[in-house]
Structures are given as C-alpha cells and as structure tokens.
Amino acid sequence: MKKGDHLFLVDGSGFIFRAFHALPPLTRKSDGLPVGAVSGFCNMLWKLLTDARDTSVGVTPSHFAVIFDYASKTFRKDIYDAYKANRSAPPEELVPQFGLIRQATRAFNLPCIETEGFEADDIIATYARKAEAAGADVTIISSDKDLMQLVTSNVHMYDSMKDKQIGVAEVIEKWGVGPEKMIDLQAMVGDTVDNVPGIPGIGPKTAAQLLEEFGDLDTLLERAGEIKQVKRRENIVAHAEQARLSRRLVELRTDVPLGLDLEALVLEPQDGPKLVAFLKAMEFGTLTRRVAAACACDAEAIEPAVITVESGATARGPDLDPEQAGSSSVAAPAAPRTARSQQTGTELGKDMRPADLAKTRAEAFATAKIDRSCYVTIREIEELDDWIRGALDTGILAVEAEGNSIDPMQGELAGISLALLDNTHAPSGGEIRSAYIPLDHKTGEGDLLGGGRADNQLTIREALDRLKPLLENPSVLKLGHNLKFAYLLLKRYGITLQSYDDVMLMSYVLEAGKGGQGLDSLSERWLGHVPMTWKDVAGSGKSGLSFDKVDIERAMAYAAEKVDLTMRIWLVLKPRLASEKLTTVYERLERPMVATLAEMEERGITIDRQILSRLSGELAQKAAAVEDEIFQLAGEKFTIGSPKQLGDILFGKMGLSGGAKTKTGQWSTSAQVLEELAAVHELPRKIVDWRQLTKLKSTYTDALPGYVHPQTKRVHTSYSLASTTTGRLSSVEPNLQNIPIRTTEGRKIRAAFISTPGHKLVSADYSQIELRVLAHVADIPQLRQAFAEGIDIHSMTASEMFGVPVEGMPADIRRRAKAINFGIIYGISAFGLANQLSIERSEAGEYIKRYFERFPGIRDYMENTKSFVREHGYVETIFGRRAHYPEIRSSNPSVRAFNERAAINAPIQGSAADIIRRAMARMESALAQAGLEEKARMLLQVHDELIFEVEDAEIERTLPVVVTTMEQAAMPAIAMKVPLKVDARAAVNWDEAH
DNA sequence: ACGTACACCTA
DNA sequence: GTAGGTGTACGTC
C-alpha cells in the first residue's frame with residue numbers, strides 16, 4: 001500500500017445494530033427470515049463499490065475490508081470485569097442476520113475480518129494506522145463515536161446512512177474537542193451502553209470544557225484541586241482511578257495481530273454470478289437487477305444460492321447447501337479471504353455438485369432401513385431440553401404436530417414428534433434420531449366415560465414453553481410434511497412457526513403430475529419404504545379412534561416414523577431441487593403460501609345462516625312441487641336422482657330417442673341431453689329444474705351451515721397446495737371455490753357470504769388472465785394489441801375470424817368467438833368445440849382452421865408445446881413451474897390426445913396460478929406497508945379472484961393497494977407483453993362485491 | 001364401510 | 001376441449 005491508495009474499512013458489526021434501529025419496518029424474506037439489516041448492508045456495499053466517488057466520500061477505494069466483532073471475551077474484559085456487562089442479548093430478529101452479513105461480505109468478494117480477543121474497533125484502528133503510515137488515505141465506514149479518536153487529516157469516517165463525511169472539523173463541531181482528545185473525553189464521560197464508568201456528573205460539554213482548560217486527562221487529574229465547582233472537584237478527585245481505567249477501555253489498540261496484511265485487502269473484481277445468486281436468495285429484487293445489469297449477467301438464469309442461517313459468530317447450522325457448494329454459478333472462491341481461523345458452518349458435501357449430491361443421497365436412502373425400535377418417547381422435561389439443545393446445535397429439526405382431529409382449526413394438540421440429524425458431515429446427510437412427546441393422551445380407549453389423562457406425560461404448557469423459542473427461532477430450520485397443518489394447529493397455541501421447509505411442496509415442485517404428494521407416497525417413491533398407515537394406528541370407521549385415544553406406544557411409532565421419513569425425504573429432495581433448477585419455484589411460489597394460506601384459513605368468512613336456512617326451505621318447496629309434476633308426467637314414482645332409473649323412464653318406458661351414452665354404456669341423462677329433449681317433451685326440462693334445485697340445496701344451503709366453526713362462528717375452508725397438476729390451489733371442507741354465481745337462485749347463496757359489521761367484502765379479480773397469458777406466451781400481435789388498447793377480446797376474435805366490425809358485433813357471433821377462445825385455452829378439438837356450440841364437427845373444424853390461419857402463432861405454440869411435452873414429459877409455466885404428463889407417450893390415441901390438450905392448457909392455467917400466488921405472497925406486506933395491517937385482511941382465493949374483508953373507513957385506501965399488487969404480480973421476474981388488469985369492488989356480500 | 005359413476009357447481 | 005370438489009345412488013366387500 002502506498003501514497004494515493006485509499007483503504008475503506010467497514011464496521012460490519014456497528015452497521016448491523018445501526019441498520020436495525022434505523023430501518024423500521026422490518027424487512028423480511030418470504031419465509032419470514034428478517035433481513036432488513038442485511039438489505040441495508042448490501043445496498044451500502046454496492047453503492048460504495050460502484051460510485052463512492054459520487055457520495056460525500058468523494059474517492060474510489062483501492063483496498064477494502066469489512067471488520068466484525070468476534071463474539072468472545074476481549075482483552076477489555078480482563079481489564080474491567082464489568083465491561084459491556086450491561087449489554088443484553090441482541091434482539092431476536094437480529095441474530096440470524098449476523099451470519100448473513102458475513103455471507104454477504106463474502107458474496108461481494110470482500111475480505112471478512114475478525115480476530116479473537118479484539119473488537120472490530122481495534123482491528124479497524126490497527127489497519128487505519130498502518131495504512132496511514134504507508135502514506136495511504138483511509139475511510140472508516142461508521143458513525144460510531146468510539147472510532148472518532150482515529151480521525152486525522154488522512155483518516156476520515158463516513159456515515160453511510162446520512163451520506164456524511166466525518167473529518168477533524170466534524171469531530172470538533174460535534175464534541176467540542178479534536179479527535180486527538182476524544183479518548184480523554186470518552187474516559188471522562190463514560191458509556192452506559194458499554195458500561196464504561198467515566199466520572200459521575202461529567203457529560204460531554206463539561207468534559208470538553210475541562211479538556212480545553214487543562215489540555216488532557218492526566219493534567220486535569222493532577223491539577224483537579226484547581227477546579228472551583230465543589231461537587232465537580234470532589235467527583236473528579238474521587239474517581240481519578242476510575243477515569244484512568246475508563247481511558248484504557250476506550251482507547252483503541254493499534255497493535256492487533258492481523259491475519260491479512262494490507263496488501264491482501266486490495267479490491268478484487270466482483271464475481272457477478274456469485275453475488276447475484278446471493279442477492280436472489282435474499283430476495284433483494286432491485287439490487288439483484290442492478291448488480292446483474294452492471295455485471296452483464298442474466299439474473300433469471302442464475303439460481304439463488306441456498307443460504308445457511310448462522311447465529312452470530314458461532315456456527316449454528318450445518319451448511320446443508322449443495323447449491324452454494326457445488327453449482328458453478330455460486331461456487332465459493334478458491335481461497336476465501338477470511339482472516340478467521342474458525343470457519344463458520346460445516347459445508348456438507350462441499351466438493352459435490354448438486355446433481356451428484358442428489359444422486360448420492362437418493363441412492364443412500366433408496367433402500368432405507370427404517371428401524372422403529374430406535375424411536376423414543378419423551379416424558380421428562382430434561383429429556384426434552386436435551387433434544388432442544390440438539391436442534392440448536394445442528395440447526396435442523398423435523399417436526400410434526402399431532403392433533404385429535406384431522407382439522408387443525410378444530411382439534412386439540414395430542415403430541416409432537418421431533419427428528420434430529422447427527423453427524424451431518426456424512427454425504428448421506430447424517431444419522432437421524434426420532435422421538436414422540438405425548439402431551440394429552442387419554443386412557444381407556446373405547447370407554448364411554450372417555451377415560452382420564454394418561455400418566456407420565458409432559459403437559460402441553462410445559463412442553464410448548466420450551467418448544468416455542470425453538471419453533472420460532474429463525475436460525476433453526478424446521479422440516480415438515482404439509483406444514484400448513486402444524487402451522488395452524490401450533491398457531492392456536494400461540495406459536496408462529498418460522499423458517500421451514502415443506503417436503504410435500506418440494507416434491508410437488510419436482511413431480512407435479514407424477515403421483516400423490518402424501519407422506520406415504522413420498523416415502524415409497526423416495527425411500528422404498530411403506531410407512532404405518534393411519535388405519536394401522538387408529539382403526540377406521542365407527543371404531544376409529546382420535547389420536548389422543550391411541551395407545552402412546554403405538555402413537556409414538558407412528559408419529560416418530562413420520563418425522564424420521566420427513567427428514568430423510570428432505571435430505572433427498574433438497575439437493576434435487578437445486579440440481580433441477582427448481583429452487584426459485586419452490587422459494588417464491590410454494591413456501592410463502594404455507595403461512596399465507598394458514599392465515600387465510602384461520603380468518604375464515606362469515607355466512608348468514610338465516611339466509612341459507614330460508615333458502616333451503618324455498619328450495620325444498622320448489623323441488624317438491626317439481627317432483628310432483630315429474631311423477632305425473634312419468635306416470636309413476638321413481639328415484640329422480642338415479643340416472644339409471646331416470647334413463648329407464650325416459651328412453652325405455654317413454655321411448656324418447658336417446659342422445660349420448662356414458663362411458664359405461666348407460667344412456668346419458670346429462671343436462672345437455674335433457675336440454676335437447678326438452679323440445680319434444682315436457683319432462684326433461686322438469687328434470688333439469690329439479691336437479692338444479694336439489695343440487696343447490698344439498699351442496700350449499702344444507703351443507704354450508706354445518707361448516708360454521710363453533711367458536712369463531714365463521715367458515716374456515718382448507719386449501720390444498722399440492723393437489724393439482726397445474727399449480728392451482730384447491731379448496732375443501734367446504735369447497736369455497738365453487739360457490740354458485742351463474743343463476744339467480746345460485747347468486748342468492750353467494751349473497752349469504754357477508755362481511756362483519758363495520759366492514760365490507762372486497763372482491764378483486766383478474767380480467768381475462770388466461771387469454772392474456774396466452775397472448776404473452778404465444779406472442780400474438782392482434783391479442784397483444786387488443787389487450788393493450790382495452791378492446792373486448794372476444795369481439796376482436798370474432799372480427800378477425802368472420803370479418804364483422806367490432807362495433808355493433810352481433811351477440812351470437814361474439815358468443816362463438818368466445819367459445820373458440822376458451823377452446824384454445826383448453827387445447828381445442830373439433831369434437832369439443834362442436835359439442836360446446838351444438839354444431840357439426842365439420843363446421844367446428846372449419847372454425848378452428850380459420851382461427852389458425854388468422855392466428856398462426858397459436859398453432860405454433862400448440863405444436864411446440866406438444867413436441868416439448870413428448871420430448872421432456874413435462875411442460876413449464878412462465879415462472880418455470882413444471883407439470884408432468886407421464887402418459888403423453890401412451891399407445892392409446894385418446895389418452896395421448898387428452899394428455900396433449902392438458903399439456904397445452906397447463907402453461908396457461910399454471911402461469912395464471914403462479915401470478916396470483918405471487919400476488920398473495922406479497923399482499924400481506926403490501927397492505928402492511930400502506931398501514932392496512934389488520935384493517936384489510938385477505939380471506940379467500942378463487943383461482944383468479946381474491947376476497948378481502950376490509951374496515952369501512954379503509955376501503956378507498958385498500959382498493960388501489962390490492963389492484964396494484966395483483967397487476968404487478970408478475971414483475972420483476974417476468975415483464976408481461978400484455979398488461980394485467982384487475983377489477984375490484986366492495987359490498988356487504990360476496991354477490992354484490994363480485 | 002368404501003369405491004365408483006354420474007351429475008353439476010366453480011374458474 | 002382444461003383444472004378442481006361434493007352429493008347421491010348403487011355396487012361390492
């Protein structure tokens with residue numbers, strides 16, 4: 001280092017605390033990990049590295065280092081035992097960020113320096129003085145007063161948050177003394193935060209005045225007798241020794257042994273892909289784009305690094321990080337410039353590429369020997385504490401909450417099972433230990449009195465008090481299968497699960513369409529092991545037991561096995577996610593949904609039971625009347641609801657000529673067939689009417705009130721995250737995604753979904769989202785233009801196809817075009833379109849031919865999709881989600897054709913599903929940012945629609961937040977070639993809001 | 001008690 | 001023509 005060089009020294013530890021307190025509202029990653037300080041840190045580093053010259057620093061660095069405290073006792077503690085004794089533990093939010101900031105530093109390819117026994121300030125002081133002696137200039141990135149003693153004409157400080165440089169003049173301005181007197185000033189004033197005693201009654205103003213008068217501390221202490229103020233004089237005399245001690249504490253050491261010499265701090269060029277991978281993993285979108293642009297790399301093509309959360313300076317988790325360790329885009333530098341002897345984290349399989357690791361793991365577990373005899377029951381608090389310590393040590397824990405109901409909103413906790421991972425260095429992942437903690441099991445199964453609480457169990461309170469900090473600890477990764485269940489059940493006991501992976505969702509991302517995602521399926525698929533079934537444990541039907549009634553030994557075997565399997569499956573799938581480049585899909589589209597959907601399910605929605613009960617009565621009366629007419633017309637009584645009996649009446653007894661047959665050879669009595677028969681006889685129409693009335697009654701007006709929760713008085717659906725091939729959600733118990741809307745009778749049911757007093761329901765739905773996605777993926781000029789200009793899309797299609805002007809488009813022609821547009825999305829066939837429009841197959845074929853002539857890009861899209869799915873066995877959405885079609889090469893032509901249509905539909909339906917998932921994942925923070933937390937709450941999702949409950953006074957403010965969040969949901973990952981449009985309305989019930 | 005077929009509700 | 005879930009009837013065990 002020489003004259004003209006400029007060394008930047010960043011006070012990393014100081015920055016964390018300052019950023020934490022200076023940057024409220026907390027920024028969090030989608031999985032709940034707090035990253036506000038990390039975000040500020042990365043932005044600052046990037047700014048300094050790229051345009052320090054344009055800040056008030058005014059120069060470009062030639063050398064650069066980030067300095068951290070080493071979390072152990074320092075020499076100051078030897079001098080003064082109470083040093084920093086007042087420091088409380090750092091806020092919980094901050095703990096995981098210490099490690100992340102070190103990882104950020106490495107990602108920026110900067111030296112990361114810490115030395116045992118010394119604080120960051122001493123290291124900074126040593127480097128600053130050395131550099132200064134070599135003739136270089138130094139800028140210390142910090143605003144900590146403890147560092148101001150280092151300022152000279154060559155050493156400046158820089159407050160990055162205020163963009164303010166601190167030189168000699170600024171120190172004098174602030175403290176009334178020059179930097180050379182800062183040590184004495186601090187020694188007199190003391191520091192309550194660090195527990196530096198100082199002299200009582202002396203503050204900065206007095207100290208500066210005294211130093212001005214006497215020159216320095218030693219002189220002052222010698223001549224203290226000259227001080228006129230009695231109290232002040234007495235204090236100084238009495239505390240002279242304490243002042244000298246304080247000086248030794250505040251004076252920075254400039255002789256710290258340095259692991260890296262000055263030359264090693266020379267600024268190296270950035271490793272663009274490595275940095276982008278890190279920033280993507282942290283979900284810092286803006287900075288990722290900026291860095292990618294500056295480094296000329298394609299951010300979309302780079303997988304996010306897998307980040308290990310450490311707690312401070314002590315390694316907490318095994319670095320189960322195949323991507324970071326192996327993939328070329330995130331490869332660690334050959335020799336990390338880390339001046340610390342003790343490496344943080346153990347890098348599992350660090351020499352292996354993700355694909356190799358995935359293969360090794362898959363092979364190691366494929367023939368799993370699952371030994372249930374190793375499972376243990378935890379009945380003592382000491383034993384539980386041991387397991388908790390184990391989880392804290394390894395940073396990984398598989399967990400399952402067992403309730404006495406399959407509904408997490410209703411059941412009570414019966415027990416919790418845990419699995420730990422030991423010897424995490426092994427390529428296979430390590431050894432797994434599993435345990436079950438029975439908490440509320442009962443005795444005397446089948447006893448009418450219900451039996452009492454079984455002996456020798458920890459209480460729910462005892463166990464949860466211990467487990468809560470662990471389950472909420474962001475540094476410990478929790479693994480589960482279908483974690484939404486445990487999330488909801490635990491939430492009801494005051495525990496909000498944080499930092500988790502869900503193996504069901506991981507498998508869904510890897511294998512949607514290839515089979516079930518139940519734990520049993522995953523176990524068979526990945527481990528070759530058939531686990532105990534629920535029936536094995538609890539029996540079924542009338543004699544089936546709830547879990548709390550199950551014998552503890554049997555419950556233990558079942559519950560402990562589940563977490564054992566979960567841990568194994570995770571070890572297999574985690575590296576596969578990386579090697580298949582599906583980590584982003586999992587992180588952005590799946591994992592955030594666990595908490596989001598759990599919250600929505602927990603909120604539920606109010607239904608008006610009076611409306612439904614009245615409606616039920618009306619429907620019963622009308623159905624009875626229609627039933628009478630039907631029996632009159634048929635000339636006999638029969639079971640109208642039996643298609644078989646109905647077919648016999650219509651096509652046998654009455655001799656009507658049947659239309660279609662079902663696939664089992666029965667006469668079809670579908671609405672479409674009956675509609676056509678209505679022209680020749682009165683009866684078929686009555687059947688259609690009767691079916692509509694009874695359908696609405698049984699499925700909705702009768703069934704819905706049964707779902708009202710006894711305590712909350714609301715209806716809580718359950719969303720299934722992994723049961724469709726395309727990425728859509730589904731809704732069960734009750735299904736709130738198929739509430740009637742098309743008929744007036746049906747809409748009355750929808751109107752029974754109401755807001756609570758003082759609130760309205762807000763419904764926001766995407767307009768034509770699937771056609772917009774089609775216009776984007778197939779890049780159709782006419783569609784793009786129509787959407788850009790806001791022209792009615794079906795009229796435009798009709799105009800293109802039939803040469804009719806858009807203005808004054810006849811309704812029937814538009815209807816046909818609309819059917820064709822839908823047909824396209826569904827993977828059109830002449831057969832299907834003919835059915836839909838009740839026209840000849842040949843005519844439908846003509847329509848399709850003409851459509852493809854007008855929109856050749858769509859035919860190309862379809863052909864390309866078909867050849868892609870034939871080659872790969874799957875198709876992808878615009879965000880990279882995969883839908884698999886293993887039967888695409890079937891020898892059965894109709895099976896093949898069906899799979900082709902599904903494959904054509906999946907990228908369209910799936911991309912739309914991805915978009916609304918992105919909107920949902922962001923919605924909570926978007927509302928919170930607008931100050932609408934708890935005032936506007938997302939309740940339901942119906943594929944292209946979100947329903948909220950909003951305080952009356954906040955509706956006007958809510959609508960734009962919701963609309964914007966939804967319309968911008970594809971950004972920044974995808975810049976859509978057509979705009980997304982969202983319509984939103986508020987009303988007291990769902991019917992009027994929609 | 002459980003599984004399947006059919007019909008029909010939604011996007 | 002795509003993707004779901006639920007209720008009823010009716011078969012089998």
Side-chain angles (χ1 to χ4, degrees), chain A residues 512-513 535 539-544 638-647 660-674 687-688 690-700 702-704 706-707 717-720 723-743 745-747 749-750 765-766 768-770 774 819-837 841 844 847-848 862 875 883 885 894 897-910 912-913 916 940-945 994:
Chain A
K535 273 192 209 163
S540 69
K542 228 169 79 176
S543 57
F638 65 101
T639 309
I640 308 171
S642 162
K644 188 172 171 295
Q645 291 186 35
L646 178 61
K661 292 259 183 98
T662 68
K663 64 178 168 211
T664 51
Q666 291 259 341
W667 287 111
S668 168
T669 64
S670 70
Q672 195 175 2
V673 169
L674 297 179
I687 303 289
V688 171
W690 180 88
R691 279 184 180 164
Q692 197 211 359
L693 295 166
T694 53
K695 171 77 179 177
L696 294 179
K697 181 172 185 291
S698 66
T699 309
Y700 302 104
D702 288 352
L704 281 173
Y707 288 104
T717 184
S718 175
Y719 289 102
S720 173
S723 62
T724 71
T725 307
T726 55
R728 271 193 178 180
L729 304 178
S730 73
S731 158
V732 292
E733 291 184 312
N735 180 357
L736 295 186
Q737 291 180 321
N738 71 345
I739 300 304
I741 191 168
R742 283 166 47 207
T743 64
E745 287 294 294
R747 293 176 79 124
I749 293 165
R750 196 165 270 236
D765 67 310
Y766 283 106
Q768 307 284 11
I769 188 168
E770 294 192 345
L774 176 68
I820 295 167
N821 277 333
F822 272 98
I824 295 294
I825 290 171
Y826 297 153
I828 201 155
S829 75
F831 178 84
L833 183 62
N835 255 344
Q836 179 67 30
L837 288 176
R841 218 150 81 213
Y847 282 1
I848 295 169
M862 290 183 164
V875 289
Y885 295 93
S894 67
F898 175 78
N899 278 275
E900 284 173 359
R901 290 194 298 273
I904 287 167
N905 171 257
I908 303 169
Q909 188 186 112
I916 197 165
L940 303 177
Q941 190 253 39
V942 191
H943 307 310
D944 66 356
E945 176 189 13
H994 186 80

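Residue numbers start from 1 in every chain, and the chains themselves are labelled A, B, ... in the order their sequence lines are given, proteins ahead of strands. The analysis underlying the following values was restricted to heavy atoms, covering all of them including side chains, and did not include hydrogens, waters or symmetry mates.
- At least one donor-acceptor pair closer than 3.5 Å links the side chain of A:Y719 to the backbone N or O of A:Q941.
- For C:dC10, the OP1/OP2 oxygens have a side-chain nitrogen or oxygen of A:Q645 closer than 4.0 Å.
- The interatomic distance linking A:N735 (CG) with B:dA11 (P) rounds to 11 Å, in whole Å.
- Two residues are said to be in side-chain contact when any heavy atoms from C-beta on lie closer than 4.5 Å; A:Y885 and A:T725 meet this criterion.
- Atom-to-atom, CZ of A:F638 to C1' of C:dA9 comes out at 14 Å; the value is rounded to the nearest Å.
- For the pair A:L704 CG and C:dG5 C1', the interatomic distance rounds to 13 Å; values are reported in whole Å.
- The two residues A:A660 and A:V673 come nearest to each other via the heavy atoms N-CG2, 4.1 Å.
- Using a 4.0 Å heavy-atom criterion, one finds that A:S720 contacts no nucleic acid atom at all.
- A sub-4.0 Å separation between OP1 or OP2 of B:dC6 and a side-chain N or O of A:S642 is absent.
- The side chain of A:S670 places no N or O atom within less than 4.0 Å of a non-bridging phosphate oxygen (OP1 or OP2) of B:dC6.
- Counting distance only, with no hydrogens placed and no angle test, the side-chain atoms of A:Q737 and the base atoms of C:dG4 include no donor-acceptor pair under 3.5 Å.
- One N or O donor and one acceptor, one from the side chain of A:Q909 and one from the base of C:dT2, sit under 3.5 Å apart.
- At C:dG5, one or more side-chain N or O atoms of A:S730 fall inside 4.0 Å of OP1 or OP2 (strictly under the cut-off).
- Under 3.5 Å, the side chain of A:K695 and the base of B:dC9 form no donor-acceptor pair of N or O atoms.
- Candidate nucleotides C:dG5, B:dA7, B:dC6 were compared by shortest atom distance to the side chain of A:Q666, and B:dC6 ranks first.
- Across residues 821-829 of chain A, A:G823, A:Y826, A:I828, A:S829 each have a non-hydrogen atom less than 4.0 Å from an atom of DNA chain C (numbered order).
- Rounded to whole Å, atom P of B:dA11 lies 16 Å from atom CG of A:N905.
- Note on A:R728: every side-chain N or O is 4.0 Å or more away from OP1 and OP2 of B:dA11.
- Looking at heavy-atom distances under 4.0 Å, A:E945 makes no contact with the nucleic acid at all.
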